[in-house]
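Here the structure is laid out as structure tokens; the discussion comes afterwards.
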Amino acid sequence: MTTFASGTTASNPEKDGLTRDALTVLQPGFPGTTAPDWLLRRLGEGLASVGLFGRNIASAEQLSSLTAQLRAERDDVLVAIDEEGGDVTRLEVRTGSSFPGNHALGAVDDVDLTRAVAHELGRRLAACGVNLNWAPSADVNSNPSNPVIGVRSFGADPELVARHTAAYVTGLQAAGVAACTKHFPGHGDTAVDSHHALPRIDAESSVLERRELLPFRAAIAAGTRAVMSAHILVPTLDPDHPATLSPHILTDLLRGRLGYDGLIVTDAIEMQAIAATYGIERGSVIAIAAGADALCVGGGLADDETVRRLRDALVSAVRAGELPEERLAEAAERVRGLARWAASASAFASDEGVAPAPDVTRVDIGLVAARRALTVTGAEGFTPLTEPPYVALLTPVANIAVGDETPWGAGVELTRLLPGTEMGSFAGEAAGDEVLEAAGARRVVVVVRDEHRHPWMAAALDTVLAARPDTVVVEMGIPQASPRGALHIATHGAARVCGRAAAEVLAGA
């Protein structure tokens, strides 16, 4: 075992000092459900963090074995994950999450519930050996057409987002898992997904102050241990560089004006908003120079060659005078500092003040929250279904953050309550007619996701409702469109528990 909790170095002089610091600031991913040899070797050379994605997780038991394998090489390693709950889940990527996401929690607007849900999520992560969660999203979803945030946000009201962000940070960290509040300075008012291109927010500083920055101030006050930067251009703050690469935003604003002294980690450096313009090597150097302390990489690039390229780019930049050595050393020490906190936090994790109410068990806290998040329109004239219906999913293209591996909808849960339920997935201009043909004489339940963003989806609903006015509509995205159908259920998210809560209403369970 090689331990570097206090920043000491191994005996190999070729891997000491500068090169070690360059490895320390990386948070790479990897393929498979066991750690590859190259990753274990890099941990011995100074790598201090590892990022996990859905591809790395098959079960809680397997995940525990994986994190134990990593800690056998370096016992203070930061094991990070992108586990927001709701639509963005890695722990339950193949089944759907046991927890509703931020938008559902915001719809309930009970900070004690948000704190309890985050604590239980953190407890499950900690039990599997994960100690850093790239969550919560503190973005204010002020643009309802946002293609990448949406239900990942607590809502469109900055004060609501602020209080629930703080509650989430408190609950997660009480379980011994570091929170990483994202995406600074706020990704909510964008119409472009930074996975694909560089979004731009044209807002005056006064608007940014009372809207985007309010939740981050709350997170900092709550003690968030990490903040993730956004790959967005905010000309009011820096007309030339996206936030991840901006000293004005990371150092002057976040460190200076907001007084934040914890870890700053970038969003995935291989996202096109950075990679397409700067390249990952140059982008990484500029990010560290601007004030970032850790570089997330591995959602798309997950191999030893990427780690070597970024390590060498940082070392070369220091030797060429493009990156101050003391800035890299400071960044590496912040990573080690978070590792020390995580090691101590796990020993003192507590549920004091964040446990579920006495009548709610830990196991069902997510379902309780999902039930409370439902908004049901038309219930006064609705008779619960007694015969198995046809469930039609109008399926949009999934954004990269959510992915297309995770099932969603209410069909599986309705099948459990009404055996014989059939279902299908539809998209495109002919979707409405195809739904009617597939459903036959069965009662139709149409499940949509952000109807307001997809004209073809709205047109399909028009077609189905014109022919079958007794159709039930379940909206599992942002309920921006007007409720319609014989019954309309807004779940405020597409987690598995949201589908179950909707199915219970439909079947009168």
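As the structure is a prediction and not an experimental result, all values here were calculated from the model.
Side-chain contact between Leu132 and Ser49 is absent, with no heavy-atom pair separated by less than 4.5 Å. Residues Phe99 and Glu83 form no side-chain contact, since every pair of their non-hydrogen atoms from C-beta on lies 4.5 Å or further apart. With a 4.5 Å cut-off on side-chain heavy atoms, Val93 and Ile57 do not count as touching. Side-chain atoms of Glu475 and Arg484, non-hydrogen and from C-beta on, never get closer than 4.5 Å to each other. Within the 4.5 Å cutoff, the side chain of Pro396 has no heavy atoms near those of the Arg453 side chain. No side-chain heavy atom of Val161 sits less than 4.5 Å from a side-chain heavy atom of Leu214. Between Leu367 and Glu504, the closest side-chain pair of non-hydrogen atoms falls below 4.5 Å. Between Asp109 and Arg163 the shortest side-chain heavy-atom distance falls below 4.5 Å.
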### Evaluation steps, side chain to side chain contact (heavy atoms under 4.5 Å, CB included), between Ile280 and Ile274
CA-CA 7 Å; Ile280 63 169; Ile274 300 297; over 6 Å; no
#### Entry: side chain to side chain contact (heavy atoms under 4.5 Å, CB included) between Val130 and Leu63, worked out
CA-CA 9 Å; Val130 177; Leu63 178 56; 4.2 Å; yes
### Message
Applying side chain to side chain contact (heavy atoms under 4.5 Å, CB included) to Leu26 and Thr306, what does each step give before you reach the verdict?
### Response
CA-CA 10 Å; Leu26 303 182; Thr306 299; over 6 Å; no
### Query
Run the side chain to side chain contact (heavy atoms under 4.5 Å, CB included) check on Thr415 and Met423 step by step: do they pass?
CA-CA 9 Å; Thr415 300; Met423 66 193 84; 3.5 Å; yes
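Rounded to the nearest 0.5 Å, atoms CG (Leu237) and CG (Leu253) are 6.0 Å apart. Between Asp157 atom CG and Ser142 atom OG the span is 11.0 Å, to the nearest 0.5 Å. The structure places CZ of Arg115 at 5.0 Å from CG of Asp112, a figure rounded to the nearest 0.5 Å. In this structure, the separation between CG on Asp293 and CG on Leu263 is 5.0 Å, given to the nearest 0.5 Å. The CG atom of Leu461 sits 8.5 Å away from the OG1 atom of Thr471 when rounded to the nearest 0.5 Å. Atom OG1 of Thr244 and atom CZ of Phe184 lie 11.0 Å apart (nearest 0.5 Å).
In this structure, Ser59 and Gln62 approach most closely via the heavy-atom pair OG-N, 3.0 Å. Contact between Ser137 and Ile149 at its shortest, heavy atoms only, is OG-CG2, 4.4 Å. Nearest heavy-atom pair, Ala373 versus Ala107, reported as atom, atom and distance to 0.1 Å: O-CB, 4.3 Å. When every heavy atom of Pro389 is checked against every heavy atom of Thr421, the shortest pair comes out as CD-OG1, 3.2 Å. Of all heavy-atom pairs spanning Gly86 and Ala495, the tightest one is CA-CB, 3.7 Å. For Ala410 against Val447, the heavy-atom pair with the smallest separation is N-CG2, 4.3 Å.
A donor-acceptor pair is defined here as one N or O able to donate and one able to accept, closer than 3.5 Å; no such pair exists between the side chain of Asn143 and the backbone of Gly188. A donor-acceptor contact shorter than 3.5 Å links the side chain of Arg90 to the backbone of Asp82. Asn56 places a side-chain N or O within 3.5 Å of a backbone atom of Phe30 that can act as its donor or acceptor partner. Counting only distance, with no hydrogens or angles, the side chain of Glu270 and the backbone of Gly298 share a donor-acceptor pair below 3.5 Å. With hydrogens and angles disregarded, a donor-acceptor distance shorter than 3.5 Å links the side chain of Thr67 to the backbone of Ser64. Put simply, the side chain of His452 never gets that close to the backbone of Ala481: no donor and acceptor are under 3.5 Å apart. Proximity of a side-chain donor or acceptor of Thr89 to a complementary backbone N or O of Gly96 within less than 3.5 Å is not detected. Checking side-chain atoms of Thr170 against main-chain N and O of Ala166 turns up a donor-acceptor pair under 3.5 Å. With Asn131 contributing its side chain and Leu78 its backbone, the two residues share no donor-acceptor pair below 3.5 Å. The main-chain N or O of Ser229 is never found under 3.5 Å from a side-chain atom of Thr266 such that the two would form a donor-acceptor pair.
Note on Glu209 versus Arg217: salt bridge recorded, some NZ/NE/NH1/NH2 to OD/OE distance being below 4.0 Å. Remark: Asp139 does not engage Arg152 in a salt bridge, criterion side-chain N to carboxylate O under 4.0 Å.
By the 6.0 Å contact criterion, CD on Glu159 is open, its count of non-hydrogen atoms from other residues, nucleotides or ligands being 12 or less.
With hydrogens and angles left out, the side-chain atoms of Asp238 and Ser246 include a donor and acceptor closer than 3.5 Å. Ser98 and Arg496 share a donor-acceptor pair across their side chains, judged by distance under 3.5 Å alone. Remark: the Asn146 side chain and the Thr190 side chain contain an N/O donor-acceptor pair separated by less than 3.5 Å.
Ring geometry, His183 versus His187: the interplanar angle exceeds 60°, so the pair is classed perpendicular (tilted spans 30 to 60°).
Evaluation of the side chain to side chain contact (heavy atoms under 4.5 Å, CB included) rule for Ala179 yields Pro136, Val169, Leu172, Gln173, Thr224 as partners, not counting sequence neighbours.
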